[in-house]
Amino acid sequence: MDKHAALYCRVSTDAQYEEGYSIEAQQEMLIAYCVSRGIKKYELYVDGGFSGSNIERPEMTRMIADISLDKVSHVIVYKLDRLSRSQKDTLYLIEDVLMPHGVSFVSMNENMDTATPIGRAMLGIMSAFAQLERETIRERTRMGMKERVKNGLWPGGGKIPFGYDYDPGQGILVPNSDASTVRVMYDLYLKGWSMMRIARYTGLKYERLAEQILRRKTNAGYIVYNGVEYKGR
């Protein structure tokens, strides 16, 4: 079977400037690499808007399928973390997907080629650093979110509590049209109504949902983050 080189490109759901290189730039560099190496048959696999934290991506799935059908001779990326930011996933792809089918892996930025002993040794080292970088970014994000809630701001992410909207300009939760329903729920509870009766009266689907809304400390002006209460704005 006439095999081809798989040129894999990816940018995450974050802005392309954060990744450093756009899809177009990656494509140009990978094609130029093929031309310089005399590789005439290649195919592009492009995942635009997908995180490198896992391998559940459409074009990654297609490439793995082509590898399993022995259609691929090389997998070439511009940078190691384009393949994956997870050390576990990187090693899985190289050792359990590529190598059993005789497919070599090339990363241009790290000058790595698993067809050579040095390249295979570099693989373990570089994938470890990719994992370290990802965990460092995650830790910085967590620290930033903690600082937000300490200052009374909503941390962002997750589901907005019932009765509120998120105002990105102020960074806080503001009551919406459902806030009056929440107030009615508290009034009815103080009158001795059961959770089931409150849920039915206010049009909620489940008794448990009514209890969750009434127990939320957000309604008392607090933000709970990692088990700690902070006074919200």
Side-chain angles (χ1 to χ4, degrees), residues 6-27 29-30 45-64 67 75-100 103-114 116-160 166 168 171 223-230 232:
L7 312 185
Y8 184 77
C9 309
R10 181 188 65 81
V11 290
S12 76
T13 50
D14 299 320
Q16 289 184 348
Y17 68 82
E18 184 176 338
E19 298 298 335
Y21 292 93
S22 67
I23 286 292
E24 292 74 17
Q26 291 179 56
Q27 290 176 353
M29 289 182 284
L30 291 173
Y45 298 80
V46 180
D47 278 319
F50 286 88
S51 169
S53 61
N54 61 68
I55 58 175
E56 296 176 2
R57 309 167 220 149
E59 287 293 270
M60 172 64 75
T61 300
R62 184 171 75 88
M63 184 174 72
I64 291 174
I67 291 170
V75 170
I76 308 172
V77 297
Y78 170 70
K79 192 177 180 182
L80 182 61
D81 64 6
R82 298 304 86 201
L83 187 72
S84 175
R85 287 186 178 272
S86 164
Q87 179 182 9
K88 180 180 178 181
D89 287 342
T90 299
L91 295 177
Y92 163 75
L93 289 169
I94 302 298
E95 297 178 352
D96 297 342
V97 179
L98 275 63
M99 288 185 174
V103 178
S104 63
F105 173 71
V106 176
S107 178
M108 293 173 55
N109 189 71
E110 289 82 11
N111 195 25
M112 180 191 302
D113 186 345
T114 60
T116 67
I118 293 178
R120 288 190 290 273
M122 286 181 61
L123 173 65
I125 298 171
M126 296 307 301
S127 59
F129 275 105
Q131 177 79 355
L132 176 62
E133 179 184 9
R134 179 167 171 259
E135 291 177 354
T136 299
I137 293 172
R138 181 187 299 168
E139 183 62 25
R140 287 174 180 169
T141 300
R142 287 175 178 171
M143 290 175 63
M145 291 177 69
K146 185 175 180 179
E147 285 301 311
R148 284 182 60 83
V149 296
K150 284 175 66 177
N151 291 321
L153 302 175
W154 184 249
K159 189 175 181 180
I160 304 300
Y166 175 62
I223 300 170
V224 180
Y225 182 73
N226 285 343
V228 180
E229 294 180 17
Y230 300 89

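For the numbers below, each heavy atom of this structure counts, side chains included, while hydrogens, waters and symmetry mates do not.
- Inter-residue side-chain proximity for F105 and L93 is flagged as unmet; no heavy-atom pair is nearer than 4.5 Å.
- A donor-acceptor pair is defined here as one N or O able to donate and one able to accept, closer than 3.5 Å; such a pair exists between the side chain of R82 and the backbone of R10.
- Atom CG of N111 sits in a sparse spot, with 12 or fewer heavy atoms from other residues, nucleotides or ligands closer than 6.0 Å.
- In this structure, CG in L132 is found 7.0 Å from CD in E135, a value given to the nearest 0.5 Å.
- In this structure, I94 and T114 have side chains that are in contact, with non-hydrogen atoms separated by less than 4.5 Å.
- To the nearest 0.5 Å, atoms OG (S53) and CG (D81) are separated by 12.0 Å.
- Here the shortest heavy-atom pairing between M145 and Y225 reads CB-OH, 3.6 Å.
- Shown here are the salt bridge (charged side-chain N to carboxylate O under 4.0 Å, His left out) partners of E229, two or more places apart in sequence or in another chain: K217.
- Minimum heavy-atom separation, Y8 to M63: CB-SD, 4.1 Å.
- In this structure the side chain of M108 reaches within 4.5 angstrom of the side chain of L30, judged on heavy atoms.
- Between R57 and S84 there is a side-chain heavy-atom pair separated by less than 4.5 Å.
- When all heavy atoms of W154 and K159 are compared, the closest pair comes out as CZ2-O, 4.3 Å.
- Between Y78 and S107, the shortest heavy-atom contact is O-OG, 3.9 Å.
- Side-chain contact between N226 and V149: absent, with no pair of heavy atoms (C-beta onward) separated by less than 4.5 Å.
- Between D113 and S104, the closest side-chain pair of non-hydrogen atoms falls below 4.5 Å.
- Residues M143 and E147 have side chains not in contact (no heavy-atom distance under 4.5 Å, counting atoms from C-beta outward).
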Item to check | Working for side-chain contact (heavy atoms from CB on, under 4.5 Å), residues V97 and V75 | outcome: CA-CA 11 Å; V97 179; V75 170; over 6 Å; no
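- One N or O on the side chain of D47 and one on the backbone of M60 form a donor-acceptor pair closer than 3.5 Å.
- Atom-to-atom distance recorded for S51:OG and R85:CZ is 7.5 Å, nearest 0.5 angstrom.
- Counting only heavy atoms from C-beta outward, the side chains of N109 and L80 never approach each other to under 4.5 Å.
- In terms of heavy atoms, I223 sits closest to G152 at CD1-O, 3.8 Å.
- The nearest pair of heavy atoms linking E95 to P100 is O-CD, 3.3 Å.
- Residue I55 holds its CD1 atom at 7.5 Å from OG1 of T61, rounded to the nearest 0.5 Å.
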